[in-house]
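Have a look at the structure below before the remarks.
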Amino acid sequence: LPASVWGGGDLPSIEETPDIMRAWYTLKKQHSSVFTNMRLRLSLDSPERYDNNVHHSREMPSHVEFVQAENRLGWRWTNCVFGGACETNWLDPEPSNLSL
């Protein structure tokens, strides 16, 4: 992991985020108590960051957070307000219907 994201901090780019979240996922699966209430954010220096001068109703989803549904873990971009989260990128497979 880059030094900028170990323990929280800034993501260098949107493109690198899935790899970083997969690395964090591996650590979180080994030690469930790490990264409990932590969000990463897209670096203020990232060329992918933009100012919301057109639509002032919402900030861009520039933060990343873990999402947990029972035993399944994923991550998503969010702007940290109610209704401001993007689709979840699941890291664990969907549960099998065979166990029902």
Side-chain angles (χ1 to χ4, degrees):
L1 289 173
S4 65
V5 298
W6 181 255
D10 292 344
L11 295 163
S13 72
I14 292 170
E15 182 181 2
E16 293 178 57
T17 301
D19 291 337
I20 291 169
M21 294 308 290
R22 278 190 289 276
W24 273 37
Y25 165 78
T26 301
L27 294 171
K28 190 162 181 63
K29 282 300 211 180
Q30 294 171 358
H31 307 282
S32 62
S33 62
V34 298
F35 315 127
T36 52
N37 292 315
M38 186 165 301
R39 285 190 181 115
L40 293 168
R41 68 176 185 184
L42 187 60
S43 170
L44 295 174
D45 298 326
S46 172
E48 298 160 318
R49 196 171 185 84
Y50 63 88
D51 290 323
N52 192 4
N53 294 327
V54 177
H55 302 285
H56 298 285
S57 61
R58 294 212 185 246
E59 292 294 318
M60 75 173 278
S62 60
H63 291 77
V64 176
E65 64 186 1
F66 274 113
V67 177
Q68 186 160 1
E70 297 194 17
N71 293 331
R72 199 169 179 207
L73 197 61
W75 63 274
R76 65 184 176 195
W77 288 96
T78 181
N79 63 5
C80 304
V81 298
F82 181 74
C86 297
E87 183 177 344
T88 300
N89 299 281
W90 292 108
L91 297 164
D92 288 317
E94 190 169 351
S96 170
N97 289 336
L98 299 176
S99 61
L100 296 177

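Values reported hereafter were calculated over all heavy atoms of this structure, with side chains retained and with hydrogens, waters and symmetry mates removed.
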Take R76 and E87 through the salt bridge (Lys or Arg N to Asp or Glu O under 4.0 Å) test and state the conclusion after the steps.
CA-CA 6 Å; R76 65 184 176 195; E87 183 177 344; over 6 Å; no
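- From L40, atom CG reaches atom CG of D10 across 8.5 Å, with rounding to the nearest 0.5 Å.
- Taking the side-chain contact (heavy atoms from CB on, under 4.5 Å) definition, one finds that E48 meets it with S13, I14, L42, S46, sequence neighbours left out.
- Annotation: side-chain contact (heavy atoms from CB on, under 4.5 Å) contacts of T17 (sequence neighbours excluded): L11, M21, V64, W75, W77.
- Residues meeting the side-chain contact (heavy atoms from CB on, under 4.5 Å) test with R72, sequence neighbours left out: W90, D92, E94, P95.
- Remark: R41 CZ to C80 SG distance equals 10.5 Å, nearest 0.5 Å.
- The line from NZ of K29 to CG of L73 is 6.0 Å long, rounded to the nearest 0.5 Å.
- For the pair P12 and S43, the minimum side-chain heavy-atom distance is 4.5 Å or more.
- Taking both residues in full, the closest heavy atoms of E70 and Q68 are given as O-NE2, 3.0 Å, listed atom of the first, atom of the second, then distance.
- Under the side chain to side chain donor-acceptor pair (under 3.5 Å) criterion, T88 pairs with no residue at all, not counting sequence neighbours.
- Nearest heavy atom pair, residue F66 against residue Y25, reads CZ-N, 4.0 Å.
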